[in-house]
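Remarks on the structure that follows.
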Amino acid sequence: MKAPRFEYVRPTRLEDAIGFLARHGGDAKAIAGGQSLVPMMAFRLAAPRLLVDIGRIPGLNGIAVDDDGIRLGALVRWRDIERSAELQRAHPLLVEAVRHVAHYQIRNRGTVGGSLAHADPAAEMPGIAVTCDAQIVVVGPRGRRIIAAAEFFAAALSTTLAADELIIEVQLPPWRDNRRWAFEEFARRRGDFALAGVALFYDGGADGTATNIHIGAIGVGDTPVRLTAAESAVEAKRITASIIRDAGAAAAASVKPADDIHAPGEYRRALLGVLTERALARAAGLALREDA
Amino acid sequence: MSGRATVQFTVNGKHYAADVEPRTTLVDCLRHDLKLTGTHVGCEHGVCGACTVILDGAAVRACLMFAVQAEGADIVTVEGLADGDRLSPLQASFRKHHALQCGFCTPGILTTAHTLLSEEPDADADRIREVLSGNICRCTGYVQIVEAVLDARAAYKQKWAAAL
Ligand SMILES: Cc1cc2nc3c(=O)[nH]c(=O)nc-3n(C[C@H](O)[C@H](O)[C@H](O)COP(=O)(O)OP(=O)(O)OC[C@H]3O[C@@H](n4cnc5c(N)ncnc54)[C@H](O)[C@@H]3O)c2cc1C
Ligand code: FES
Ligand code: FES
């Protein structure tokens, strides 16, 4: 359980960090909060020869809210989000999802950028990024580019980020005032990775119909996914108990989680259906009969 | 860049410099290099909470940090909670409520609960349970731990009131 040997650098400029990553190719890895990478190194699932500590690069831990949306620096920690009164107003779904990330001590260190780059299929932040059409801003030796969340997650623990690129920021589109939303996940113990989770929001029209519905799920595939079939079951409709049941069934039918040591695939699939129903009911302010 | 690195930080108000391999975790550095063995190490991969220390005011897992990352930090370990031989109010409450049996988890739980009550002296049982979900105790069943933390709140509230 000891990490393999490595060399360690702690640049204070982004260009220098990228320079180290570029020069050392796949042998180098960035470390931010270390809450995923250190366990990976302890298990020797990761063995970088050079660790580039980006934790003290200035300018990467800002939270900004304006008319264009929300911008979170890569080094923003879970605790910063959890405690931000501004984000509670500007993106309550994000804050609620992040409250489900790991435990107190881990939330004090873990970062937004690290979670996106680590790309755990059950992680909350990638799920929010995909559900909310986030844009991920990355910088490398060839300059800066923006990757849509939908294009970012390639497979479990794998992204379209190059080895010498760093995430500097994630951008979430602005949150509307009349928005209804919910986040539901199930984990065996508080703080564990979710067996499955659902994030959703929609804009409530004056006539009670749901428009602009976005539903995303974590823990039910290789990457976070949008549940487009469930979205179609809800879009432009008034949310009722039967619409909720349809959406839950559509959600469950649209995924094919694999069996693993934590749960059989069928279990996660059924769970996703239930969580989708609960989330929709909560967002719509309807009471759901558990035996329905 | 070389095989070893010097790291300097403050632990319990005392300045330390240690010569470590970059791969040395903070918890190993505290225990082996600084001989501060109050901080325990259980799982070494971030799930048990035994290694929790307070780093610049925040409870963190010392097995999920390399010592070199703590350069310049202000660290408090369980040894730093008591005032000499006088138990801190939280520690005294643990004794009063029999909130430990073997004591293996206790350093991590004390440091965690100390930061929680320092920041949220009104934390209720639910919040305390949520925060302590990151600390595994094989002995107590947690009931007395939660009672001890609840009972210690008065001392932290007084500190807050005095600071205002
Ligand atoms: C016991 C335990 C339970 C957990 N439970 C959950 C959970 O329920 N939900 C959840 O979401 N997470 C959970 N986590 C993981 C935690 O949230 C991590 O903090 C997070 O996934 C990674 O963030 P980090 O800053 O610690 O990244 P690090 O560990 O520092 O890095 C992770 C990876 O990202 C890369 N990286 C880091 N920053 C950047 C960047 N800016 N640009 C490019 N690459 C970068 C690193 O090279 C590495 O490959 C848990 C962790 C533990 C130990
Ligand atoms: S030893 Fe650090 S969490 Fe278990
Ligand atoms: S008292 Fe023995 S593990 Fe908690």
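Excluded from the calculations below are hydrogen atoms, water molecules and symmetry mates; all remaining heavy atoms, backbone and side chain alike, are included.
- Using a cutoff of 4.0 Å between basic side-chain nitrogens and carboxylate oxygens, Asp192(A) and Arg189(A) are scored as salt-bridged.
- Heavy atoms of Arg190(A) lying under 4.5 Å from chain B belong to its backbone as well as its side chain.
- Ion pairing between a basic and an acidic side chain is recognised when a charged N comes within 4.0 Å of a carboxylate O; Arg127(B) and Glu120(B) show such pairing.
- The aromatic ring centroids of Phe66(B) and Phe6(A) lie less than 6.0 Å from each other.
- Among all heavy-atom pairs drawn from Ala67(B) and Val7(B), the shortest one is O-CG2, 3.4 Å.
- Proximity to chain A (any heavy atom under 4.5 Å) is shown, for Thr115(B), by both the backbone and the side chain.
- Between Ile167(A) and Ala117(A), the closest heavy-atom pair is CD1-N, 3.8 Å.
- Only the side chain of Leu55(B) comes within contact range of chain A, judged by heavy atoms closer than 4.5 Å.
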Would you sort out whether Leu166(A) and Val138(A) count as a side-chain contact (heavy atoms from CB on, under 4.5 Å), showing the intermediate values? CA-CA 5 Å; Leu166(A) 284 173; Val138(A) 313; over 6 Å; no
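- When every heavy atom of Ile218(A) is checked against every heavy atom of Pro224(A), the shortest pair comes out as CG2-CB, 4.3 Å.
- Judged by the 6.0 Å distance and 45° axis criteria, Arg23(A) is positioned over the aromatic ring of Phe20(A).
- For Arg5(A), the parts sitting under 4.5 Å from any heavy atom of chain B are the backbone and the side chain alike.
- If you tally non-hydrogen atom pairs under 4.5 Å between each of Thr24(B), Val60(B), Thr25(B) and chain A, the highest count goes to Val60(B).
- Using a 4.5 Å cut-off between non-hydrogen atoms, the part of residues 35-50 of chain B that approaches chain A consists of Cys43(B), Glu44(B), His45(B), Gly46(B).
- Scanning all heavy atoms of the two residues, the minimum distance from Arg153(B) to Asp122(B) falls at NH1-O, 3.7 Å.
- Met40(A) does not touch chain B: none of its heavy atoms, backbone or side chain, sits under 4.5 Å away.
- Side-chain contact, His15(B) with Thr10(B): no donor N or O sits under 3.5 Å from an acceptor N or O.
- Contact annotation for Ala3(A): both backbone and side-chain heavy atoms come within less than 4.5 Å of a heavy atom of chain B.
- The one candidate from Arg77(A), Gln35(A), Arg79(A) that meets the side-chain hydrogen bond (donor to acceptor under 3.5 Å, both in side chains) condition with Asn108(A) is Arg79(A).
- Taking both residues in full, the closest heavy atoms of Arg107(A) and Arg99(A) are given as NH1-O, 3.6 Å, listed atom of the first, atom of the second, then distance.
- Thr77(B) and Asn12(B) share a side-chain donor-acceptor pair at under 3.5 Å.
- Contacts between Ile31(A) and chain B at a heavy-atom distance below 4.5 Å involve the side chain alone, from C-beta outward.
- At a heavy-atom cut-off of under 4.5 Å, chain A is reached by Thr112(B) from residues 78-113 of chain B, listed in order of number.
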